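Below is one structure, written out as structure tokens; comments come after it.
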Amino acid sequence: YLAYQTMGKGSKDKTVEVLLVASKKKMVQELEMVINQANLGLPIVDVDAFALCNCFEFSYPELLGEPNYLLDIGGQQSAVCVFSRRQPVFHREVSFGGHQLTDHIAKLLNINRQEAEKIKLNGPEGLSADQAASVANSVDEMLSNWADELKRLIGFYQTSMPDAEMASKLFLAGGASLLPGLSKKFGQDLNLEVSHIDPWRKVNKNPAKFDESFLYEVGPQFVVPMGLALRSVTG
């Protein structure tokens, strides 16, 4: 299945830039089959990266006039987007995610994934000094590799897109983006201002029903779902 979005004038006379989107029919048909078996409707099939951009556009209207890098770090893979000129202009998926770190810690310490996940999220409490240092060094090295991958993508964006604009801010989303020290590490390695997307920023929240501190804490995990939900609001 193919779809496209006209981005604006092209670099040559009488041409336009077009963002082309393609999806394998089998993937869409499998989704349709599952939804039909659940007796539900399927009004739209979206892409994580576009949902990410949709949430950012809704939540940060004052930043839409400047370029920004968006990164959603999932379990198996991550989505990188450049949002510029009030629309997504560049998108790539990269093969790093939170599960990669969990598996690495499990192998390093010879423990199961559940124990490794706790160490990843809560820190090396209960480990020996040598084990804690080994985990810290390994995680730092892996985050450096992730930052290098982002550098390559940003460089590719600059060389492949006409009139590519450099961004000074990186916005994070996804559960794995909450890893302690990740935002600071990316800020140092990429020389960017790094922060997390707050999907509730423009949402009226009832303090009698929702704990605002909890919403803020888990917010990055709901950026893509929020972007999907906004389809019914923004059309």
Side-chain angles (χ1 to χ4, degrees), residues 7-8 11 17 19-21 47-57 59-60 63-105 107-108 120-121 133-199 219-221 223-224 227:
M7 309 295 288
S11 56
E17 290 183 34
L19 179 67
L20 182 67
V21 183
V47 179
D48 280 2
F50 292 165
L52 170 66
C53 291
N54 200 32
C55 183
F56 177 78
E57 182 177 6
S59 303
Y60 297 87
L63 299 180
L64 301 186
E66 59 188 69
N68 291 281
Y69 302 133
L70 312 180
L71 172 63
D72 178 71
I73 309 177
Q76 302 284 1
Q77 62 183 17
S78 302
V80 181
C81 302
V82 180
F83 197 93
S84 181
R85 301 188 290 274
R86 309 184 73 86
Q87 60 189 348
V89 297
F90 181 83
H91 155 235
R92 287 293 185 276
E93 290 184 347
V94 289
S95 58
F96 62 68
H99 292 173
Q100 185 180 359
L101 275 174
T102 301
D103 292 339
H104 185 73
I105 293 172
K107 183 178 180 180
L108 183 68
K120 181 183 76 174
L121 297 177
S134 179
V135 168
N137 290 335
S138 295
V139 169
D140 186 77
E141 181 179 357
M142 187 165 289
L143 293 183
S144 293
N145 292 336
W146 292 5
D148 287 341
E149 181 68 19
L150 292 176
K151 285 179 184 177
R152 284 191 289 270
L153 275 180
I154 292 172
F156 178 74
Y157 157 71
Q158 289 179 296
T159 57
S160 63
M161 297 291 292
D163 302 322
E165 296 180 291
M166 289 291 291
S168 60
K169 299 184 181 71
L170 169 65
F171 286 88
L172 301 175
S177 72
L178 296 171
L179 181 72
L182 183 145
S183 59
K184 182 179 179 180
K185 177 67 174 176
F186 278 6
Q188 292 174 342
D189 287 9
L190 299 172
N191 194 28
L192 295 170
E193 180 183 335
V194 180
S195 60
H196 285 86
I197 295 176
D198 178 8
Q221 300 179 58
V223 172
V224 168

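Predicted model only: the values in this text are computed from it and were never measured.
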State the [atom1]-[atom2] distance between [X] and [Y], to the nearest 0.5 angstrom.
X      : Y      : atom1 : atom2 : answer
Leu179 : Lys185 : CG    : NZ    : 12.0 Å
Glu57  : Leu63  : CD    : CG    : 12.0 Å
Gln87  : Cys81  : CD    : SG    : 12.5 Å
Gln100 : Asn145 : CD    : CG    : 8.5 Å
Gln188 : Leu143 : CD    : CG    : 11.0 Å
Met142 : Asn137 : CE    : CG    : 13.0 Å

How about Ser168 and Glu193: does a side-chain donor come under 3.5 Å of a side-chain acceptor?
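The criterion, which ignores hydrogens and geometry beyond distance, is not satisfied for Glu193 and Ser168.
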Looking only at non-hydrogen atoms, find the nearest pair between [X] and [Y] and report the distance.
X      : Y      : value
Ile197 : Ala173 : CD1-CB, 4.4 Å
Ala79  : Ala49  : CB-CB, 4.3 Å
Pro67  : Ser84  : CB-OG, 3.9 Å
Asn54  : Gly227 : ND2-O, 2.9 Å

Is it the case that atom NZ in Lys151 sees more than 12 heavy atoms from other parts of the structure closer than 6.0 Å?
yes
Is any side-chain heavy atom of [X] less than 4.5 Å from a side-chain heavy atom of [Y]?
X      : Y      : value
Glu165 : Arg85  : yes
Leu101 : Phe96  : no
Val94  : Trp146 : no
Leu172 : Pro220 : no
Glu66  : Lys169 : yes
Phe90  : Leu19  : no
Phe186 : Leu192 : no
Val80  : His91  : no

Is there a side chain to side chain contact (heavy atoms under 4.5 Å, CB included) between His196 and Leu178? Walk through the geometry before answering.
CA-CA 9 Å; His196 285 86; Leu178 296 171; 4.0 Å; yes
Assess the residue pair Cys55 and Val224 against the criterion (side chain to side chain contact (heavy atoms under 4.5 Å, CB included)); give the C-alpha distance rounded to whole Å, side-chain angles, the decisive distance to 0.1 Å, and a yes or no.
CA-CA 7 Å; Cys55 183; Val224 168; over 6 Å; no
Hey, which of Ile73, Val194, Leu71, Asp72 is the one that makes side-chain contact (heavy atoms from CB on, under 4.5 Å) with Ser177?
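Running side-chain contact (heavy atoms from CB on, under 4.5 Å) over Ile73, Val194, Leu71, Asp72 with Ser177 returns exactly one hit, Ile73.
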Is [X] reaching over with its side chain to a backbone N or O of [Y], donor-acceptor style, under 3.5 angstrom?
X      : Y      : value
Thr159 : Phe156 : yes
Tyr157 : Arg152 : no
Asp189 : Gly187 : no
Ser195 : Phe171 : no
Asp140 : Ala136 : no

Chi angles and distances behind the side chain to side chain contact (heavy atoms under 4.5 Å, CB included) call for Ser59, Asp198
CA-CA 7 Å; Ser59 303; Asp198 178 8; over 6 Å; no
Run the side chain to side chain contact (heavy atoms under 4.5 Å, CB included) check on Ser138 and His104 step by step: do they pass?
CA-CA 8 Å; Ser138 295; His104 185 73; 3.3 Å; yes
Test of ring centre spacing under 6.0 Å for Tyr69 and Phe83
no
